[in-house]
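Here the structure is laid out as structure tokens; the discussion comes afterwards.
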Amino acid sequence: MVELHNLDIADVDAAVATRMQRQQLLYDTTKRFEFPLATTPQNSFQMYDDVAVVETFVGETTYRDDEAATYTRAIERLWEEAVTGEDARRLIVRAAQELRS
């Protein structure tokens, strides 16, 4: 992450201090946190029938057969947790209302 964000490697102490300060938000009882995803995508990918195309910072990799099946299982799990249609609209409206209050 240091190179990705053009950080100075000497800033380790400052980075740790900042993370510790952010962590204090977890103990703030006036805040509410929700973490609903059991499967979290680690990178972006597309499925084309039984072919998975995985995008990384350096390019794309194409997987087929057993390797692609892993991505098929991942996308199936994501769809199990997905909210669509009217339910998705209600979720977005509720989130927007909560941000305004």
If every non-hydrogen atom of Val83 is compared with every non-hydrogen atom of Ala88, which pair is closest and at what distance?
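Closest approach of Val83 to Ala88: CG1-N, 3.2 Å.
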So which heavy atom on Met47 is nearest to which on Ala68, and how close?
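Shortest heavy-atom contact: CE-O, 4.0 Å.
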Looking at Glu81 and Arg77, does any basic side-chain N land under 4.0 Å from a carboxylate oxygen?
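Salt bridge between Glu81 and Arg77, a charged N being under 4.0 Å from a carboxylate O: no.
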Tell me, please, which residues at least two apart from Tyr63 pass ring pair (Phe, Tyr, Trp, His ring centres under 6.0 Å).
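For Tyr63 the ring pair (Phe, Tyr, Trp, His ring centres under 6.0 Å) partners, ignoring immediate neighbours, are Tyr71.
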Please lay out, stage by stage, how Phe57 and Asn43 fare under the test side-chain contact (heavy atoms from CB on, under 4.5 Å).
CA-CA 9 Å; Phe57 290 115; Asn43 46 28; over 6 Å; no
Working for salt bridge (charged side-chain N to carboxylate O under 4.0 Å, His left out), residues Glu86 and Arg89
CA-CA 5 Å; Glu86 184 61 25; Arg89 190 190 72 73; 2.8 Å; yes
Going from OG1 on Thr72 to CZ on Phe45, what distance comes out if it is rounded to the nearest 0.5 angstrom?
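Output value for this atom pair is 8.0 Å.
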Can you tell me how far the OG1 atom of Thr70 sits from the CG atom of Asp65, to the nearest 0.5 Å?
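Output value for this atom pair is 11.5 Å.
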Leu99, Leu91: one ILVMFWY side-chain cluster at the under-4.5 Å cut-off?
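No; Leu91 is not reachable from Leu99 via cluster members.
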Inspect the surroundings of CZ in Arg90 and state if more than 12 heavy atoms from other residues, nucleotides or ligands are less than 6.0 Å away.
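Above 12, so yes.
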Sort and list the pairs that fulfil side-chain hydrogen bond (donor to acceptor under 3.5 Å, both in side chains) and have at least one residue in residues 44-58, not counting sequence neighbours.
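Every pair satisfying side-chain hydrogen bond (donor to acceptor under 3.5 Å, both in side chains) with a residue in residues 44-58: Ser44-Glu55, Gln46-Glu55.
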